[in-house]
Amino acid sequence: MATSGTADGRADASDEATESLTLEQAADEAALLTERILNARDAYYEKDAAIYSDEEYDGYIHRLEQLERLFPELQSQDSPTQTVGGRAETTLFAPVTHAERMLSLDNVFSLDEFDAWAAKVQRDAGRHVDWLCELKIDGLAINLRYRDGVLVSAATRGDGVVGEDVTENIRRVPSIPQRLAGTGHPPLVEVRGEVYFEVATFRELNAMQAAEGERVFANPRNAASGSLRQVGENKSAAALERMHRRLKRLSMLVHGIGAWQDPPVASQSETYALLKEWGLPTSTHYRVVDTAKKAAEYIAYYGENRDSVEHEIDGVVVKVDELALHDELGATSRAPRWAIAYKYPPEQVNTKLLDIVVSIGRTGRATPFAVMQKVRVAGSEVRQATLHNQDVVKSKGVLIGDTVVLRKAGDVIPEVLGPVVELRDGSEREFVMPQTCPECGTPLRPAKEGDIDLRCPNARGCPAQVRGRLEHVAGRGALDIEGLGEVAAAALTQPMHPQQAPLPSEAGLFDLRAQDLFPIEVIVRDPETGLPRQVGEEEPGRELITRDGVRLRVKTDTPFRRQRKAPLPGREHTASRPDPRFDPDGPFDGDDDFILSSAATEMLANIEAAKSKDLWRFLVALNVRHVGPVAARALAGWFGSLKAIRAASREELAAVDGVGEIIADAVLDWFEVDWHREIVDRWAAAGVPFAIPGHPGPGAAAAAGGVLTGITVVATGSLEGFTREGAQEAIMAAGGKAASSVSKKTDFVAAGPGAGSKLTKAEELGIPILDAAGFKRLLADGPDAVRESP
DNA sequence: CACCCTCGAGTTCA
DNA sequence: CTCGAGGGTG
C-alpha cells in the first residue's frame, strides 16, 4: 500500500504523490487513516491515553482532508474530518442520539472488487443468496423516528451515533408522512432514507436562487443539505417563504429500518413493500436478482444510464435480501457485512489549474482555456477545458495555480466549475487577458463596440487564423481533404525562416507541389520529458513546436517526415554520431536526399481530387460569414456558379430560400476584400470550376421532386450502412430536407445506436422514429411506405 | 414577434 | 454533442 510513505503527517510535502494516486489507492489510504484517527480518539476520550503524538494525529487529519478534497467521492458523512473528537460538529441544531447506530457502507470501486465481495458473502452465507440492488442517491442521509405511527423526530446521520435534529424542516417535505398509514406499526421505529433534490428540481431551484440574487448551489447534494439545515429564526418573511418553498421541493426515499424485534417480514424487499404500505416513499428502481452476475449487470446498466434516473446517483447499493442472513453475517464496527456500495467514477474531480492560455481561432477570436494536470473524469482523460472569454474566467473566480473542480458537462465537454478556495497557498495568480495576439502580436480588440470577445484583426496574416481557415477548408464540412488535418495545416502555414510558409494563405492550396513540402519538419514535444522529438518515430506528442519556437496545440500525427530515399552503404548510425543528413538544423541540399512520406503523397493527391468537389463545398470553404453547409447549398443550387453569385445583387441573393438580407450582405462584403478575391482567382486558375456542370443558370428551381419532396428528416446516431454525412446526402438526393435538429417541423427521425438527445426530443414530440432499415425504406419508397408499417 | 434553425467554437474518443 | 448567439421564417 502507498500509505507508509505518505500517511506520515507531512501532508503538504506529498503533493506529487497525491496527484499520481489512483482512486483505489487513495481509498485504501483514507480507510487506514480513518481507522488510526478513530482509534486515537477512542483511546484519548475513553481510555484517556494518547497513542499518537499531537503532531502525528494532526498530520493524519490533515492528510485525510487533503485526500477527501482531491477525491470528493471518498468523503462520507461520518468521516473523522466531519466530526470532532467523536461528537457531531456543534451546530444550531439540537443533537439527537439515534436509537440504533447508523452504519455507513463499505465501498468498492470496480466490478472486480464487487465480485470479490459477493463471492465472500456467498461463501460466508453458505446457502443461496438473493441480492437486492438499488440506486445510491447522492443526497443527505436522514433518520425518521415514528412513535405509535406518528413522526416524532428527524435527524441527520451526524457521526452515526448522534445527529442533528431537523424535525421542523423535515415536516415540510411533502413526501414524508406525519403519520404512518395502516396499522400494526411497532411502538417505536426508525426509518432510514435519503433526502435529495431531483435533478430537474435542482436546476429550477438554482435558476430561482440566481434570479433572486441568492447563492447558487454546486450540486443537488449541497442544495439538499443546505436547505435542510437552515434555521427559520431571524429571517424576514420573504426569506422564510423562500426557505419553505425550497423544503417543499425536497424529495425523500427510504431504504431501511433501524432496530426492530421480530419483524413481520423475512427479506429486505418485503420490508420495502411494508414501508410502502405505511405510506413511506420507496424507490421504484430497486430489483432483486438471484445471482451476483445479475447484480453486476444492474451496476453496469445504471453506470451507462445514470441520466435516465430523476435524481443524481453516485453508485449502487447491493444488499443481501434475506434478513436472517443479515444477522448471521453481522457487521464490523463501521459497516454491515451484508451490503456494499459500488461507487461510480465521479463526474466531478479536482485537479490543478497549471495555466490559462489563449488560443486564436479561425475567426480571430481569442479564447482562454484552462491547462490542467491531466485527470480522469467520466471515463476519459482531460487536460484542457475552454474558459470561453475573460468574463467567464473572472466569474468562475479561478486563479492560475488553483485546485479546481472539473466535470464533464453532458458527459462530454470538460468544464471547470470553480476553485477549491481552501486549498490556496498564496502562490496563485490572476489571469490577465493579453492585449496582443499571442501568435502574431497584433493588438486585440473587440469586433464591435461593447463585445466581450476580443479578436485578432489580422485576418490575412495571423498564422493562427490562416491555420484555422486552412483546417476549415480541408475539414469535413467543406472540401473534406483527407490527410490535411490540424497538424498538417499547422505545418503548412508556419513560416520556415528565412523561407515563407508553403501556404502563407489558403489561396495557394491547389498550387502546392511536392517540393514545397521538403523543408517542412515537424517537431513534437514529448509530453513526459518536454524534449522535442521527431513525429512518427514514436507516439505523437501533445504539443508541437515549430522551428521558430511557436508552440501549437496538436492532436494527431503528421503526414510529413524526412525520409531518406535509400540507405547509404558503408555508414552506420550511432547515437553519438548521427547521420549528418538527419541533422534537423543541417543544410538542406535539394530533394534528392528526401522523399515524402506516403501520407504526404496521399494528401497531395487528395488536394488535387478535391478540385472536383461540389460547388457548395467550395462556398463553405471560402469562409463567408453565416454561410455554412445549408446556406451554401441553397446558393449553389439557385445560382449554379460562383460567377453568377458574384454578379448577383443584394436583392437577388436575398430572394434565395434560406438566405436573407444579412447573409446577402455578408456575401457582398466578402467579395469586397482583395485577398478574398485572390483566393477565388487562384483556385480558379488552378482548375477549380466553381460551377455545377449542366446547371441551367440563376433562378433554376431546386432539383425536381424525389420521393422525399417536402419532407424533413433528421439522422442521428450511427445508422448502419451510412456515414453521418452520407445519410444527409441520401436524404437530399431523394429530394428531402436534412435538418440538424429535431423540431415540430421534422417529419422523421432516423436513429441508430448511440443516438442521444435528438432521439429523446423526437419521442417527446411524437415524431416517427426509424431504424436503419426503416430509413432505407423511406429513401427508396417514400414516406407512405414507412407510415403504413411502423 | 415568436419560434425554429443554423452557425461557430471547443473537446475527446474510438 | 452541446451551447449561446443571432439569423430567417411564418
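Just so you know, these numbers use all the heavy atoms, side chains as well, and skip hydrogens, waters and symmetry mates. Letters A, B, ... are given to chains in the order of the sequence lines, protein chains preceding strands, and every chain is numbered from 1.
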S.K.: How long is the span from the CZ atom in Phe369(A) to the OG1 atom in Thr367(A), to the nearest 0.5 Å?
M.R.: 9.0 Å
S.K.: Identify the residue among His472(A), Arg467(A), Arg469(A) that makes a side-chain hydrogen bond (donor to acceptor under 3.5 Å, both in side chains) with Glu506(A).
M.R.: Arg469(A)
S.K.: Please map the stems of DNA chain B, keeping only stretches of three or more Watson-Crick or G-U wobble pairs with both distances under 3.5 angstrom.
M.R.: B:1-10 with C:1-10
S.K.: Arg467(A) CZ to dA9(B) C1': how many Å, rounded?
M.R.: 15 Å
S.K.: With respect to the side chain of Pro414(A), which nucleotide from dG8(C), dC7(B), dT11(B) is positioned closest?
M.R.: dT11(B)
S.K.: In terms of side-chain heavy atoms of Arg362(A), which of dG10(B), dG8(B), dT12(B) is nearest?
M.R.: dG8(B)
S.K.: For residues 617-637 of chain A, tabulate all N or O donor-acceptor pairs below 3.5 Å that involve a side-chain atom, not counting sequence neighbours.
M.R.:
residue   : atom : partner   : partner atom : Å
Arg617(A) : NH1  : Arg476(A) : O            : 3.2
Arg617(A) : NH1  : Ala478(A) : O            : 2.5
Arg617(A) : NH2  : Glu725(A) : OE1          : 3.4
Asn623(A) : OD1  : Arg362(A) : NH1          : 2.5

S.K.: Look at the side chain of Ile663(A) and decide which nucleotide, out of dT11(B), dG8(B), dG7(C), has an atom nearest to it.
M.R.: dG7(C)
S.K.: At 4.0 Å (heavy atoms only), tell me whether Gly361(A) reaches a base, stays on the sugar-phosphate, or touches nothing.
M.R.: nothing
S.K.: Does a donor on one side chain and an acceptor on the other come within less than 3.5 Å for Thr201(A) and Glu204(A)?
M.R.: no
S.K.: State which residues pass side chain to side chain donor-acceptor pair (under 3.5 Å) with Glu297(A); sequence neighbours excluded, sorted by chain then number.
M.R.: none
S.K.: Do Leu509(A) and Leu484(A) come close enough that some side-chain heavy atom pair is under 4.5 Å?
M.R.: yes
S.K.: Out of dG8(C), dT11(B), dC7(B), which nucleotide sits closest to the side chain of Phe369(A)?
M.R.: dT11(B)
